[in-house]
Each structure stands twice: as structure tokens, then as C-alpha cells.
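These notes are about the structure you will find just below.
We count ligands from 1, going down the list as the structure has it; atoms in each ligand are counted the same way.
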Amino acid sequence: MYNKIAVAGKGGTGKTSLTGLIINFLIQEGKGPILAVDADANSNLNEVLGVDIQDDLGSIREEVNWAERKGTSIPAGMTKTEYLEYKLNQVVCEGNGYDMLVMGRTQGEGCYCYVNGILKNQIQKLAGNYNHVVIDNEAGMEHISRGTVGNMDLLLLVSDYSRRSIQAVGRIKVLSEELNLKIPKMGLIVNKAPNGELSESILEEIKNQELDLIGVVPLDPTISDYDSKGIPLVDMPEDTLSKCALKDILKKLQLI
Ligand SMILES: Nc1ncnc2c1ncn2[C@@H]1O[C@H](COP(=O)(O)OP(=O)(O)OP(=O)(O)O)[C@@H](O)[C@H]1O
Ligand SMILES: [Mg+2]
């Protein structure tokens with residue numbers, strides 16, 4: 001139902017953790033093939049999924065620039081643009097039941113415009129080959145305001161258990177409305193809620209921000225334990241609190 005799913009929210013709220021677990025559930029439930037997109041210049045979605053990344057869009061761009069400067073490595077008869085296209089087409093990393101596209105960063109330039117543009121093109125080009133595209137965004141509104149992720153069918157706004165974080169996703173919602181993005185469904189997930197419960201004060205702020213609460217994921221010591229040991233979160237037992245809560249959310253959204 002929702003082809004393109006994007007996850008956004010304030011820094012450190014759990015976007016990457018939840019995105020990785022969502023991808024894993026979709027695959028487990030036979031909802032693949034999935035294109036997992038790590039749209040964070042400081043990529044780490046692969047760690048939640050437990051895969052190594054060979055290449056990212058930023059480093060391909062660097063490599064092609066370098067090849068041009070040396071004037072050697074670009075194959076004869078190919079323009080720089082053609083060579084870049086060719087290399088980019090090879091950059092999708094294959095995981096277990098999904099493919100992964102990683103933005104990465106370019107060195108020496110403060111601006112990510114160029115690599116953002118490449119990411120946008122690649123997502124557009126590849127999306128049709130997959131049942132779902134699931135995009136983990138960096139903190140804030142950059143990709144949304146620049147339209148990097150293009151049209152989304154479902155935007156999951158992830159907040160932690162604080163009013164400020166709820167307000168931050170409230171601003172993302174307002175921005176997407178101002179930009180007239182026409183996202184069919186935008187829902188709030190409150191992550192790291194003690195005992196999976198929300199206080200009156202948090203509920204009040206959700207109402208103030210006119211957010212559609214689709215679920216709550218509890219503060220889960222298993223996540224901290226796995227992350228502190230560097231074990232991929234997808235390997236947590238199926239009855240782990242956070243996994244159960246997230247699975248319920250995906251069922252509610254009729255994704256699984
Ligand atoms: N439900 C949870 N219970 C306990 N800890 C959690 C939970 N969800 C995420 N965390 C912890 O919160 C931290 C941030 O998580 P994560 O990297 O997924 O957030 P993020 O929103 O992607 O961050 P960034 O904005 O830096 O990309 C991690 O240390 C993770 O272990
Ligand atoms: Mg992240």
C-alpha cells in the first residue's frame with residue numbers, strides 16, 4: 001500500500017534503529033524486495049542491519065573526480081558524466097532480501113547539494129524495481145525541504161519522550177504542508193517511552209501539534225545492551241519489547 005516510506009525526526013530519537021527494524025520485518029513477512037536508503041551523510045543504517053557497506057554515492061563521486069584529474073582511469077570513449085552514471089548504477093549493495101543505497105559524503109566540500117542531487121536521481125530511477133523503498137533520514141528537515149526523497153507515501157515522524165522532540169516533528173509536518181508535498185499518510189511514533197506509556201503532558205503536546213499518533217515504542221534495555229556491544233538490533237529476540245511494539249505499528253499500518 002505504501003510504496004515509499006520515509007522516517008524523519010530530531011537527532012538521536014531512534015530513526016535509524018526503527019528504520020532498520022522496519023526493513024527487517026518487511027523482509028521477514030515476505031514484503032520484499034526492499035530498497036533500503038541511508039540518506040544520512042554520517043551513515044549507520046547498515047550497522048542496525050548487520051551488513052558491510054562497500055561503496056556509497058559520495059565516494060563514487062570522489063573517485064570519478066579523482067580519475068578525471070589524473071586523466072587515466074576513465075575508460076576511453078566515455079565522458080565523465082557517463083562514467084559517473086555507470087559507476088552509480090553499480091553502487092547498490094546487496095543485503096539479505098534487500099538492496100541498500102548509501103548517500104555517504106564527499107570530502108573537501110561543505111555542501112552536500114551535489115550528492116543530494118545524485119541520491120534523488122538514484123532513488124527515482126530505482127524505486128520502481130522494489131515493493132517498498134524505506135528511507136532513513138538524517139536529523140532535521142534537509143532532505144524534506146530539498147525534496148531529496150521525492151514523493152513519499154508514508155512519512156513516519158519519530159520523536160522521543162520529550163515535548164521538544166514532539167514539537168520538532170510538528171515543525172516537519174508543518175513544513176511538508178507548506179511545501180505542499182501531499183504525503184498521503186504522516187504518522188507519529190513516540191520512541192523510548194518509559195514502560196511504553198505516554199504522560200498527559202506528552203499527549204497534550206501531540207494534540208497541540210495536531211499529530212496523528214500511530215504508536216509508542218518503549219524505552220528498551222535490550223536496544224541499549226545490543227548497541228553497547230555492537231550487535232545488530234535485527235538480531236534481538238522476537239519477543240523484545242521494542243520489536244513487539246514496532247510490529248504492532250506495522251500491522252496497524254497494514255504494512256505486514
Ligand atoms: N526504544 C529504545 N530504547 C532504548 N534505546 C533506544 C531506543 N531506540 C533507540 N535507542 C538508542 O538511541 C540512540 C539513538 O538511536 P538512533 O541512532 O537510532 O537515532 P537516530 O534518530 O537515527 O539518530 P541520528 O539523528 O543521529 O541519526 C542509540 O544509542 C540507540 O541505542
Ligand atoms: Mg540515524
Side-chain angles (χ1 to χ4, degrees), residues 5-25 36-51 53 56-58 100-105 112 115-116 119 133-146 148-149 155-173 175 187-199 202 211 213-250:
I5 305 166
V7 181
K10 201 169 178 298
T13 50
K15 298 177 293 296
T16 303
S17 309
L18 300 188
T19 306
L21 293 173
I22 289 171
I23 291 164
N24 194 241
F25 278 133
V37 179
D38 189 339
D40 191 341
N42 196 354
S43 21
N44 58 3
L45 179 62
N46 64 305
E47 285 161 26
V48 175
L49 289 161
V51 289
I53 293 303
D56 58 56
L57 301 179
M100 189 159 181
L101 189 62
V102 180
M103 173 176 146
R105 63 188 143 214
Y112 293 132
V115 79
N116 277 348
L119 181 66
V133 181
V134 186
I135 305 162
D136 178 26
N137 281 295
E138 59 197 9
M141 312 199 227
E142 170 105 4
H143 288 314
I144 294 179
S145 61
R146 288 178 182 277
T148 316
V149 296
L155 178 59
L156 295 173
L157 299 168
V158 178
S159 171
D160 60 19
Y161 189 69
S162 79
R163 285 183 79 122
R164 272 184 292 135
S165 182
I166 303 277
Q167 286 157 7
V169 291
R171 284 193 290 273
I172 296 178
K173 178 178 177 254
L175 175 79
L188 168 70
I189 299 177
V190 180
N191 187 24
K192 308 192 206 183
N195 302 315
E197 286 163 17
L198 300 184
S199 66
I202 293 282
L211 291 161
L213 176 67
I214 46 173
V216 179
V217 176
L219 184 68
D220 188 344
T222 314
I223 290 193
S224 317
D225 183 39
Y226 273 57
D227 267 348
S228 69
K229 292 176 182 150
I231 310 172
L233 294 183
V234 295
D235 292 340
M236 296 189 298
E238 290 310 307
D239 60 356
T240 306
L241 292 174
S242 49
K243 267 195 168 178
C244 292
L246 192 59
K247 200 165 185 177
D248 284 345
I249 291 171
L250 297 185

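- In summary, D225 and K229 engage in a salt bridge, as defined by a charged side-chain N under 4.0 Å from a carboxylate O.
- By the 3.5 Å distance cut-off applied to N or O atoms, D227 is counted among the residues near ligand 1.
- When the heavy-atom distances from atom 27 (O) of ligand 1 to V216, D40, N44 are ranked, the shortest goes to D40.
- Taking each heavy atom of P218 and L241 in turn, the nearest pair found is CG-CB, 3.8 Å.
- Contact atoms of ligand 1 toward A139: 25 (O) (distance under 4.0 Å to a heavy atom of the residue).
- Of all the heavy atoms of N191, the ones lying under 4.0 Å from any atom of ligand 1 belong exclusively to the side chain.
- D220 places a side-chain N or O within donor-acceptor distance of the main-chain N or O of T222, the cut-off being under 3.5 Å.
- Residue contacts with ligand 1 leave out G9, since none of its heavy atoms falls under 4.0 Å from the ligand.
- Atom CE of M100 is separated from atom OG of S43 by 7.5 Å, given to the nearest 0.5 angstrom.
- Counting protein heavy atoms only, atom 14 (C) of ligand 1 is closest to G12 O, 3.6 Å.
- When all heavy atoms of M103 and A41 are compared, the closest pair comes out as CE-CB, 4.0 Å.
- With rounding to the nearest 0.5 Å, the separation of CD1 in I135 from CG in L156 is 11.0 Å.
- Note: L211 CG to L188 CG = 5.5 Å, rounded to the nearest 0.5 Å.
- Every residue meeting the side chain to side chain donor-acceptor pair (under 3.5 Å) condition with S162, not counting sequence neighbours, appears here in chain and number order: D160.
- No side-chain heavy atom of E197 sits under 4.5 Å from any side-chain heavy atom of V216.
- With hydrogens left out, the protein atom closest to atom 3 (N) of ligand 1 is D220 N, 2.8 Å, a heavy atom.
- Ligand 1 has no atom lying under 4.0 Å from any heavy atom of E138.
- The protein non-hydrogen atom at the shortest distance from atom 19 (O) of ligand 1 is G14 N, 3.0 Å.
- Atom-to-atom distance recorded for N24:CG and M236:CE is 9.5 Å, nearest 0.5 angstrom.
- Nearest protein heavy-atom neighbour of atom 17 (O) of ligand 1: T16 CB, 4.2 Å.
- Atoms of ligand 1 lying under 4.0 Å from any heavy atom of G11, numbered from 1 in the order shown and given with element: 25 (O).
- The single protein non-hydrogen atom nearest to atom 13 (C) of ligand 1 is K192 NZ, 3.8 Å, given as residue, atom name and distance.
- The ligand atoms of ligand 1 that sit less than 4.0 angstrom from a heavy atom of L219 are 3 (N), 4 (C).
- For D136, no heavy-atom contact with ligand 1 is shorter than 4.0 Å.
- Of the polar atoms of T13, at least one N or O is found under 3.5 Å from an N or O of ligand 1, judged by distance alone.
- Remark: among candidates P194, S159, S17, the nearest residue to atom 16 (P) of ligand 1 is S17, based on non-hydrogen atoms.
- Counting protein heavy atoms only, atom 2 (C) of ligand 1 is closest to I223 CD1, 3.6 Å.
- Of the options N46, N137, D136, a side chain to side chain donor-acceptor pair (under 3.5 Å) to T16 is made by D136 and by none of the others.
- Within the 4.5 Å cutoff, the side chain of N191 has no heavy atoms near those of the T13 side chain.
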Using the rule given for side-chain contact (heavy atoms from CB on, under 4.5 Å), can you reason through L21 versus L233, listing the C-alpha separation, both sets of side-chain angles and the distance that settles it, and then say yes or no? CA-CA 7 Å; L21 293 173; L233 294 183; 4.2 Å; yes
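- With rounding to the nearest 0.5 angstrom, the CG atom of L213 is 11.0 Å from the CD1 atom of I202.
- Rounded to the nearest 0.5 Å, atoms CD1 (I144) and NZ (K173) are 13.0 Å apart.
- Within the protein, the N, O or S atoms sitting under 2.8 Å from the Mg ion (ligand 2) are T16 OG1.
- Contacts with ligand 1 closer than 4.0 Å are made by backbone heavy atoms (N, CA, C, O) of P218 only, the side chain lying farther away.
- Counting protein heavy atoms only, atom 21 (O) of ligand 1 is closest to K15 NZ, 2.7 Å.
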